[in-house]
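Notes to accompany the following structure.
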Amino acid sequence: MRWQGLIQEYKEFLPVSENTPKLTLNEGNTPLIYLENLSKEWGVELYVKTEGTNPTGSFKDRGMVMAVAKAKEEGSDTVICASTGNTSAAAAAYAARAGMRCIVVIPEGKIAMGKLAQAIMYGAEIISIEGNFDQALTMVRKISETEPVALVNSVNPYRLEGQKTAAFEVCDQLGGAPDILAIPVGNAGNISAYWKGFKEYHEAKGTALPKMHGFEAEGAAAIVHNRVFENPETIATAIRIGNPASWHLASAAVEESAGKIDEVSDEEILAAYQKLASTEGVFAEPASCASIAGVYKQLQNGTIAKGSKIVAILTGNGLKDPNTAIECSPIKPVLLPNDEEAVANHIRGVVHQ
Ligand code: F0G
């Protein structure tokens, strides 16, 4: 039967009733791809869950369909969020679909071009502040307390409810939980949601539990260093967050699962970003590749054992951030005249001027 989206497919695991709007863009049901080349090279069994195949190109759709549906059910007509880009794209899309107003607050100059294009196209009201994500989040949290707007950042518990469904899918696709779940960490909502999902599914179906390995960017590694980063910096703008809202939930997930919270540098992220695309044909945005970079790092230093079954979450689509791809790639288009012979000669490795 046709996939009906998360609210319908997972209703027995979600806080929904007949009164909940049947909102969907057919989110969820994303592929779990076995990485043949990297698995062989690294001596592991490595899969990626491509959350960039969701309707707006990131995992945020899972949480947003729930948060927006519940806001509508509870009588709101406006949603608001702070965002490094993906949350705003998802909020804008689901609000449009639900016939609601959407206000997004973003850090000026620090969101990827594709994400901004999405918020514009879906008709959000966009406020760009000269501040970072953490400051934008503080602002919208306060505003939502006094104004008639529903906050749809991941501090809204419905967001984690929707996002936990990805863990269900991993278990169904793999026939049980992997040994290790590798995931990028920014505001720390998603790692918390996955852990909740794995626990609930294990309770219901005996699917076992993975070790949760979360990866922050080195310049924004608050949980790793147990201190707020006032001025977080990383090329992976999606996770450029210095004071994660779900810090304690994420720490609990790592502790309860006997996992690890770790950091990866921008160089490691970019290397993983390029390697994943060029050796496996999978293009994920830089922040997503923190999971792959982290797996590689931990295989080298022995934190992850050879032979492990690993699922790495690729949280967003590579097309979200074309600028980083073009700026960071060593491959540049070769400029030739509009001439068949010139092109043929170039391909043969003999360029005649
Ligand atoms: N990967 C991507 C592509 C993201 O957009 C985010 C978060 C994360 C990972 C981290 O997830 O915050 O649950 O730990 N993006 C948010 C946003 C902050 O506004 O789009 P998290």
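In each ligand, atom 1 is the first atom listed, and ligand 1 is the first ligand listed. The structure presented is a predicted model; accordingly, all values stated were derived computationally and were not measured.
N86 ND2, 2.8 Å is the protein heavy atom nearest to atom 5 (O) of ligand 1. When hydrogens are left out, the protein atom nearest atom 16 (C) of ligand 1 is K60 NZ, 2.9 Å; that is the closest non-hydrogen contact. Nearest protein heavy-atom contact of atom 4 (C) of ligand 1 is A238 CB, 3.6 Å. Counting only heavy atoms of the protein, atom 2 (C) of ligand 1 lies nearest to T315 OG1, 3.3 Å. Of the protein's non-hydrogen atoms, the one nearest atom 13 (O) of ligand 1 is N190 N, 2.8 Å. For atom 20 (O) of ligand 1, the closest heavy atom belonging to the protein is T87 N, 2.8 Å. Considering only non-hydrogen protein atoms, atom 11 (O) of ligand 1 sits nearest to F59 CZ, 3.5 Å. Of all protein heavy atoms, the one lying nearest to atom 12 (O) of ligand 1 is N187 N, 2.7 Å.
Between C81, A188, A91, it is A188 that holds the heavy atom closest to atom 14 (O) of ligand 1.
Within the 4.5 Å cutoff, the side chain of V152 has heavy atoms near those of the C81 side chain.
Heavy-atom distances between I191 and ligand 1 stay at or above 4.0 Å for every pair.
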Steps toward side-chain hydrogen bond (donor to acceptor under 3.5 Å, both in side chains) verdict (S288, E285): CA-CA 5 Å; S288 298; E285 68 170 285; 4.8 Å; no

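For E200, the salt bridge (charged side-chain N to carboxylate O under 4.0 Å, His left out) criterion is met by K164, K196, not counting sequence neighbours.
Geometrically, ligand 1 and T84 share a nitrogen or oxygen pair separated by less than 3.5 Å.
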